[in-house]
Amino acid sequence: VERELFGLHDEAPITRERVRELIHPDDREATAQAMQRVIDGATQYESRFRVQRGDQVRWLRGLAHVERDGAGRPVRLVGVNWDITADVRSQRTLEDVNERLRIALSAVHASVWEYDAQTRRLQWDDRGPDLYGVDLNGHRQAWESVLSPHMATVTRERIYTHLKDPTCQEFDISYTIEHPERGLRHIRSVARNERDHQGRLLRTIGLDMDITPQVQTAARAEELTQRMQLAITAAGIGVWSSRLSDTAVEWNEQQYQIFGVDPRSFQVTRAAWLERVHPDDRERLAQEIATVHLHATGVTSEFRIVRPS
(Lines give C-alpha, C1' and ligand atoms only; values in the text may rest on other atoms or scores of the structure.)
Protein backbone atom coordinates (compact mmCIF):
# COMPACT_ATOMS: atom_id res chain seq x y z
CA VAL A 1 0.00 0.00 0.00
CA GLU A 2 2.83 2.39 0.89
CA ARG A 3 4.42 1.81 -2.51
CA GLU A 4 1.10 2.53 -4.22
CA LEU A 5 0.78 5.84 -2.34
CA PHE A 6 4.08 6.98 -3.84
CA GLY A 7 3.41 5.45 -7.25
CA LEU A 8 6.13 2.81 -6.92
CA HIS A 9 5.55 -0.42 -8.83
CA ASP A 10 8.95 -2.10 -8.56
CA GLU A 11 10.63 -4.06 -5.77
CA ALA A 12 13.61 -1.75 -5.38
CA PRO A 13 14.33 -0.68 -1.79
CA ILE A 14 12.63 2.48 -0.57
CA THR A 15 15.25 4.90 0.64
CA ARG A 16 14.99 8.40 2.07
CA GLU A 17 16.57 9.86 -1.05
CA ARG A 18 14.20 7.98 -3.31
CA VAL A 19 11.18 9.23 -1.35
CA ARG A 20 12.55 12.78 -1.45
CA GLU A 21 12.69 12.65 -5.25
CA LEU A 22 9.02 11.64 -5.37
CA ILE A 23 7.90 14.57 -3.22
CA HIS A 24 6.77 17.67 -5.09
CA PRO A 25 9.69 20.16 -5.36
CA ASP A 26 7.65 22.89 -3.61
CA ASP A 27 7.08 20.63 -0.57
CA ARG A 28 10.56 19.14 -0.11
CA GLU A 29 11.86 21.93 2.12
CA ALA A 30 8.86 21.82 4.48
CA THR A 31 9.14 18.02 4.71
CA ALA A 32 12.86 18.28 5.48
CA GLN A 33 12.17 20.84 8.19
CA ALA A 34 9.60 18.54 9.80
CA MET A 35 12.23 15.80 9.85
CA GLN A 36 14.81 18.16 11.35
CA ARG A 37 12.45 19.04 14.20
CA VAL A 38 12.33 15.36 15.08
CA ILE A 39 16.12 15.18 15.08
CA ASP A 40 16.22 18.26 17.29
CA GLY A 41 13.98 16.67 19.92
CA ALA A 42 10.35 16.68 18.77
CA THR A 43 8.44 13.58 19.86
CA GLN A 44 6.30 13.29 16.75
CA TYR A 45 6.73 13.73 13.02
CA GLU A 46 3.87 15.28 11.07
CA SER A 47 3.87 16.52 7.48
CA ARG A 48 1.56 17.24 4.57
CA PHE A 49 3.00 17.04 1.06
CA ARG A 50 2.35 16.27 -2.57
CA VAL A 51 3.74 13.44 -4.64
CA GLN A 52 3.85 13.02 -8.40
CA ARG A 53 2.24 9.77 -9.51
CA GLY A 54 2.50 9.58 -13.27
CA ASP A 55 0.46 12.50 -14.62
CA GLN A 56 -1.34 12.94 -11.29
CA VAL A 57 -0.44 14.99 -8.22
CA ARG A 58 -1.71 13.50 -4.96
CA TRP A 59 -1.70 14.94 -1.45
CA LEU A 60 -0.39 12.73 1.38
CA ARG A 61 -0.27 13.19 5.12
CA GLY A 62 2.34 11.53 7.27
CA LEU A 63 2.36 10.90 11.02
CA ALA A 64 5.13 9.08 12.85
CA HIS A 65 6.36 8.36 16.36
CA VAL A 66 10.04 8.76 17.16
CA GLU A 67 11.99 5.99 18.88
CA ARG A 68 15.18 7.13 20.63
CA ASP A 69 18.15 5.42 22.25
CA GLY A 70 19.29 5.81 25.83
CA ALA A 71 21.06 9.05 24.97
CA GLY A 72 17.91 10.54 23.45
CA ARG A 73 19.11 10.24 19.87
CA PRO A 74 16.43 9.35 17.28
CA VAL A 75 17.02 5.86 15.91
CA ARG A 76 13.78 5.07 14.10
CA LEU A 77 10.49 6.53 12.92
CA VAL A 78 7.38 4.35 12.97
CA GLY A 79 4.45 5.93 11.19
CA VAL A 80 1.80 5.94 8.52
CA ASN A 81 1.01 7.87 5.36
CA TRP A 82 -2.42 8.22 3.77
CA ASP A 83 -3.95 9.93 0.76
CA ILE A 84 -5.79 13.15 1.67
CA THR A 85 -6.30 14.45 -1.88
CA ALA A 86 -10.09 14.36 -1.62
CA ASP A 87 -9.99 16.26 1.70
CA VAL A 88 -7.68 18.92 0.26
CA ARG A 89 -9.89 19.39 -2.78
CA SER A 90 -13.00 19.63 -0.61
CA GLN A 91 -11.31 22.21 1.60
CA ARG A 92 -10.27 24.29 -1.39
CA THR A 93 -13.76 24.09 -2.83
CA LEU A 94 -15.16 25.28 0.49
CA GLU A 95 -12.64 28.12 0.65
CA ASP A 96 -13.54 29.13 -2.90
CA VAL A 97 -17.25 29.14 -2.06
CA ASN A 98 -16.59 31.17 1.10
CA GLU A 99 -14.55 33.70 -0.86
CA ARG A 100 -17.28 34.08 -3.45
CA LEU A 101 -19.83 34.48 -0.67
CA ARG A 102 -17.65 37.11 1.01
CA ILE A 103 -17.40 39.08 -2.23
CA ALA A 104 -21.14 38.80 -2.83
CA LEU A 105 -21.99 39.92 0.70
CA SER A 106 -19.62 42.87 0.44
CA ALA A 107 -21.18 43.89 -2.87
CA VAL A 108 -24.70 43.99 -1.41
CA HIS A 109 -23.65 45.44 1.95
CA ALA A 110 -24.74 42.39 3.92
CA SER A 111 -23.63 40.57 7.06
CA VAL A 112 -24.24 37.03 8.33
CA TRP A 113 -25.05 36.38 11.99
CA GLU A 114 -25.74 33.34 14.14
CA TYR A 115 -27.64 33.02 17.41
CA ASP A 116 -26.98 29.98 19.62
CA ALA A 117 -30.08 29.39 21.72
CA GLN A 118 -28.24 27.08 24.14
CA THR A 119 -25.55 29.59 25.07
CA ARG A 120 -27.64 32.65 24.13
CA ARG A 121 -24.65 33.92 22.16
CA LEU A 122 -25.13 36.19 19.16
CA GLN A 123 -22.16 36.21 16.78
CA TRP A 124 -21.66 38.41 13.70
CA ASP A 125 -19.18 38.08 10.84
CA ASP A 126 -16.54 40.72 10.10
CA ARG A 127 -18.96 42.75 7.94
CA GLY A 128 -21.32 43.42 10.82
CA PRO A 129 -19.43 46.40 12.32
CA ASP A 130 -19.44 48.21 8.98
CA LEU A 131 -23.13 47.50 8.39
CA TYR A 132 -24.20 48.75 11.81
CA GLY A 133 -21.34 51.07 12.74
CA VAL A 134 -20.68 49.40 16.12
CA ASP A 135 -18.80 46.37 17.45
CA LEU A 136 -21.69 43.92 17.42
CA ASN A 137 -19.70 41.18 19.16
CA GLY A 138 -18.60 43.46 22.00
CA HIS A 139 -21.76 43.03 24.08
CA ARG A 140 -25.21 41.54 23.62
CA GLN A 141 -27.03 44.88 23.51
CA ALA A 142 -24.80 46.36 20.76
CA TRP A 143 -27.31 45.57 18.01
CA GLU A 144 -30.23 46.96 20.00
CA SER A 145 -28.33 50.17 20.72
CA VAL A 146 -28.47 51.32 17.07
CA LEU A 147 -32.14 50.53 16.40
CA SER A 148 -34.15 53.64 15.55
CA PRO A 149 -35.87 54.69 18.79
CA HIS A 150 -39.35 54.80 17.27
CA MET A 151 -38.96 51.22 15.97
CA ALA A 152 -36.77 49.62 18.62
CA THR A 153 -39.50 48.07 20.76
CA VAL A 154 -41.53 46.78 17.81
CA THR A 155 -38.43 45.37 16.08
CA ARG A 156 -37.29 43.50 19.20
CA GLU A 157 -40.76 42.09 19.81
CA ARG A 158 -41.10 40.90 16.21
CA ILE A 159 -37.77 39.07 16.27
CA TYR A 160 -38.34 37.53 19.72
CA THR A 161 -41.78 36.36 18.60
CA HIS A 162 -40.26 34.58 15.59
CA LEU A 163 -37.62 32.96 17.80
CA LYS A 164 -40.12 31.75 20.41
CA ASP A 165 -42.77 30.50 18.00
CA PRO A 166 -42.17 26.71 17.73
CA THR A 167 -43.74 26.68 14.25
CA CYS A 168 -41.60 29.49 12.83
CA GLN A 169 -38.91 28.16 10.50
CA GLU A 170 -38.06 31.35 8.61
CA PHE A 171 -38.72 35.07 8.94
CA ASP A 172 -38.12 38.18 6.88
CA ILE A 173 -38.42 41.61 8.52
CA SER A 174 -37.31 45.17 7.82
CA TYR A 175 -36.45 47.95 10.25
CA THR A 176 -34.33 51.09 10.51
CA ILE A 177 -31.18 51.89 12.45
CA GLU A 178 -29.25 55.04 13.31
CA HIS A 179 -25.77 54.42 11.91
CA PRO A 180 -23.17 56.50 13.80
CA GLU A 181 -21.65 57.76 10.53
CA ARG A 182 -24.29 57.25 7.83
CA GLY A 183 -27.41 58.24 9.71
CA LEU A 184 -30.76 56.58 9.04
CA ARG A 185 -30.39 53.24 7.26
CA HIS A 186 -32.98 50.67 6.24
CA ILE A 187 -32.13 47.05 7.08
CA ARG A 188 -33.72 43.84 5.83
CA SER A 189 -33.13 40.72 7.93
CA VAL A 190 -33.78 37.24 6.50
CA ALA A 191 -33.26 34.34 8.91
CA ARG A 192 -33.84 30.61 9.35
CA ASN A 193 -34.57 28.89 12.67
CA GLU A 194 -33.23 25.42 13.41
CA ARG A 195 -35.35 23.53 15.94
CA ASP A 196 -35.45 20.11 17.57
CA HIS A 197 -38.32 17.67 17.12
CA GLN A 198 -40.27 19.43 19.87
CA GLY A 199 -39.99 22.81 18.21
CA ARG A 200 -37.44 24.18 20.64
CA LEU A 201 -35.00 26.63 19.11
CA LEU A 202 -31.44 25.37 18.65
CA ARG A 203 -29.95 28.18 16.60
CA THR A 204 -30.82 30.89 14.12
CA ILE A 205 -28.76 31.91 11.09
CA GLY A 206 -29.55 35.23 9.49
CA LEU A 207 -28.49 37.60 6.74
CA ASP A 208 -28.87 41.36 7.23
CA MET A 209 -28.73 43.70 4.23
CA ASP A 210 -28.64 47.47 3.89
CA ILE A 211 -31.56 48.20 1.55
CA THR A 212 -31.47 51.98 1.97
CA PRO A 213 -30.75 52.66 -1.74
CA GLN A 214 -33.69 50.49 -2.81
CA VAL A 215 -36.03 52.14 -0.30
CA GLN A 216 -34.95 55.61 -1.40
CA THR A 217 -35.39 54.69 -5.07
CA ALA A 218 -38.86 53.29 -4.42
CA ALA A 219 -39.82 56.42 -2.47
CA ARG A 220 -38.62 58.68 -5.30
CA ALA A 221 -40.49 56.59 -7.86
CA GLU A 222 -43.68 56.80 -5.79
CA GLU A 223 -43.29 60.56 -5.43
CA LEU A 224 -42.79 61.00 -9.18
CA THR A 225 -45.79 58.78 -9.88
CA GLN A 226 -47.98 60.88 -7.60
CA ARG A 227 -46.76 64.10 -9.22
CA MET A 228 -47.40 62.73 -12.69
CA GLN A 229 -50.88 61.60 -11.66
CA LEU A 230 -51.67 65.08 -10.32
CA ALA A 231 -50.48 66.63 -13.61
CA ILE A 232 -52.50 64.16 -15.69
CA THR A 233 -55.62 64.78 -13.62
CA ALA A 234 -55.24 68.55 -13.75
CA ALA A 235 -54.74 68.54 -17.51
CA GLY A 236 -57.53 66.02 -18.15
CA ILE A 237 -55.18 63.68 -20.02
CA GLY A 238 -56.35 60.19 -20.80
CA VAL A 239 -53.83 57.36 -20.46
CA TRP A 240 -54.23 53.97 -22.07
CA SER A 241 -52.18 50.80 -22.53
CA SER A 242 -52.64 47.84 -24.84
CA ARG A 243 -50.76 44.54 -24.59
CA LEU A 244 -49.54 43.20 -27.89
CA SER A 245 -49.71 39.57 -26.69
CA ASP A 246 -53.45 39.39 -25.98
CA THR A 247 -54.78 42.86 -26.97
CA ALA A 248 -55.87 43.59 -23.38
CA VAL A 249 -56.55 47.32 -22.86
CA GLU A 250 -56.42 49.47 -19.74
CA TRP A 251 -57.66 53.07 -19.29
CA ASN A 252 -57.17 55.61 -16.55
CA GLU A 253 -60.12 57.53 -15.09
CA GLN A 254 -59.66 60.52 -17.40
CA GLN A 255 -59.80 58.28 -20.49
CA TYR A 256 -63.26 57.07 -19.48
CA GLN A 257 -64.36 60.67 -18.99
CA ILE A 258 -63.01 61.70 -22.41
CA PHE A 259 -64.99 58.93 -24.10
CA GLY A 260 -68.03 59.67 -21.96
CA VAL A 261 -68.48 56.14 -20.62
CA ASP A 262 -68.92 54.75 -17.11
CA PRO A 263 -65.96 52.55 -15.97
CA ARG A 264 -68.35 50.51 -13.85
CA SER A 265 -70.36 49.33 -16.84
CA PHE A 266 -68.14 49.84 -19.88
CA GLN A 267 -65.96 46.83 -20.65
CA VAL A 268 -62.89 48.30 -22.30
CA THR A 269 -61.47 46.20 -25.12
CA ARG A 270 -59.65 47.17 -28.28
CA ALA A 271 -62.79 46.49 -30.30
CA ALA A 272 -65.01 48.51 -27.94
CA TRP A 273 -62.47 51.32 -28.02
CA LEU A 274 -62.40 51.45 -31.83
CA GLU A 275 -66.20 51.39 -31.99
CA ARG A 276 -66.23 54.82 -30.34
CA VAL A 277 -63.74 56.24 -32.82
CA HIS A 278 -65.29 58.18 -35.72
CA PRO A 279 -65.88 55.79 -38.66
CA ASP A 280 -63.67 57.89 -40.96
CA ASP A 281 -60.69 57.58 -38.54
CA ARG A 282 -61.26 54.05 -37.28
CA GLU A 283 -59.27 52.01 -39.84
CA ARG A 284 -56.28 54.36 -39.75
CA LEU A 285 -56.13 54.30 -35.93
CA ALA A 286 -56.45 50.51 -35.85
CA GLN A 287 -53.47 50.17 -38.18
CA GLU A 288 -51.41 52.62 -36.13
CA ILE A 289 -52.15 50.73 -32.91
CA ALA A 290 -51.35 47.39 -34.55
CA THR A 291 -47.97 48.58 -35.81
CA VAL A 292 -46.90 50.93 -32.99
CA HIS A 293 -44.34 48.36 -31.76
CA LEU A 294 -42.47 48.74 -35.07
CA HIS A 295 -41.66 52.39 -34.35
CA ALA A 296 -38.75 52.97 -31.98
CA THR A 297 -40.07 56.36 -30.84
CA GLY A 298 -43.78 55.51 -30.87
CA VAL A 299 -46.45 57.27 -32.92
CA THR A 300 -48.53 60.43 -32.62
CA SER A 301 -52.08 60.36 -33.90
CA GLU A 302 -55.12 62.61 -34.01
CA PHE A 303 -58.60 61.17 -34.37
CA ARG A 304 -62.22 61.92 -33.64
CA ILE A 305 -64.47 60.04 -31.24
CA VAL A 306 -68.22 59.68 -30.99
CA ARG A 307 -69.47 60.11 -27.41
CA PRO A 308 -72.78 58.54 -26.27
CA SER A 309 -75.71 60.89 -26.77
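All values below come from the heavy atoms of this structure, side chains included, with hydrogens, waters and symmetry mates left out. Throughout, numbering of the chain's residues begins at 1 and tracks the sequence.
- Between R182 and D130 there is a side-chain heavy-atom pair separated by less than 4.5 Å.
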Next on the checklist: Run the salt bridge (charged side-chain N to carboxylate O under 4.0 Å, His left out) test on R121 and E114 for me, step by step, so that the C-alpha distance in whole Å, both residues' side-chain angles and the decisive distance to 0.1 Å come before the verdict.
Outcome noted: CA-CA 8 Å; R121 183 173 181 233; E114 179 178 346; over 6 Å; no
Next on the checklist: What verdict does the salt bridge (charged side-chain N to carboxylate O under 4.0 Å, His left out) test give for D208 and R188, after you've listed the backbone C-alpha separation in whole Å, the side-chain angles of each residue and the deciding distance to 0.1 Å?
Outcome noted: CA-CA 6 Å; D208 287 5; R188 180 186 178 189; over 6 Å; no
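- No salt bridge links D116 with R203; every basic N to acidic carboxylate O contact stays at or beyond 4.0 Å.
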When the side chains of residues 150-158 are checked against the rest of the protein, which donor-acceptor pairs come out under 3.5 Å, sequence neighbours left out?
| from | atom 1 | to | atom 2 | distance (Å) |
| --- | --- | --- | --- | --- |
| T155 | OG1 | M151 | O | 2.8 |
| R158 | NH1 | S174 | O | 3.4 |

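- Side-chain N/O atoms of R50 and Q52 include no donor and acceptor closer than 3.5 Å.
- When the side chains of ILVMFWY residues are joined at heavy-atom separations under 4.5 Å, either directly or via intervening members, I232 and Y256 end up in two distinct hydrophobic clusters.
- Using modelled atom types, one finds a donor on one side chain and an acceptor on the other under 3.5 Å when comparing Q36 with D40.
- Proximity of M228 to L224: side-chain heavy atoms (C-beta onward) are nowhere separated by under 4.5 Å.
- Between the CZ atom of R270 and the OG atom of S242 there is a distance of 3.5 Å, given to the nearest 0.5 Å.
- Residue Q229 comes nearest to Q254 through the heavy atom pair NE2-OE1, 4.1 Å, listed as atom of the first residue, atom of the second, then distance.
- For the pair R48 (side chain) and L60 (backbone), a donor-acceptor distance under 3.5 Å is absent.
- The main-chain N or O of S111 is never found under 3.5 Å from a side-chain atom of D125 such that the two would form a donor-acceptor pair.
- There is no path of hydrophobic side-chain contacts, each under 4.5 Å, that joins L147 to L207.
- Between the side chain of N252 and the backbone N or O of V239 there is at least one donor-acceptor pair closer than 3.5 Å.
- The line from CD1 of I159 to CH2 of W143 is 3.5 Å long, rounded to the nearest 0.5 Å.
- Taking the charged nitrogens against the carboxylate oxygens, R192 and D172 have no contact shorter than 4.0 Å, which rules out a salt bridge.
- For residues 271-281, the side-chain hydrogen bond (donor to acceptor under 3.5 Å, both in side chains) pairs, not counting sequence neighbours, are D281-R304.
- No side-chain heavy atom of H65 sits under 4.5 Å from any side-chain heavy atom of Q44.
- Side-chain contact of T43 with R68: a donor-acceptor pair under 3.5 Å is absent, judged by distance alone.
- Expressed to the nearest 0.5 Å, how far OH of Y45 lies from CZ of R37 amounts to 9.0 Å.
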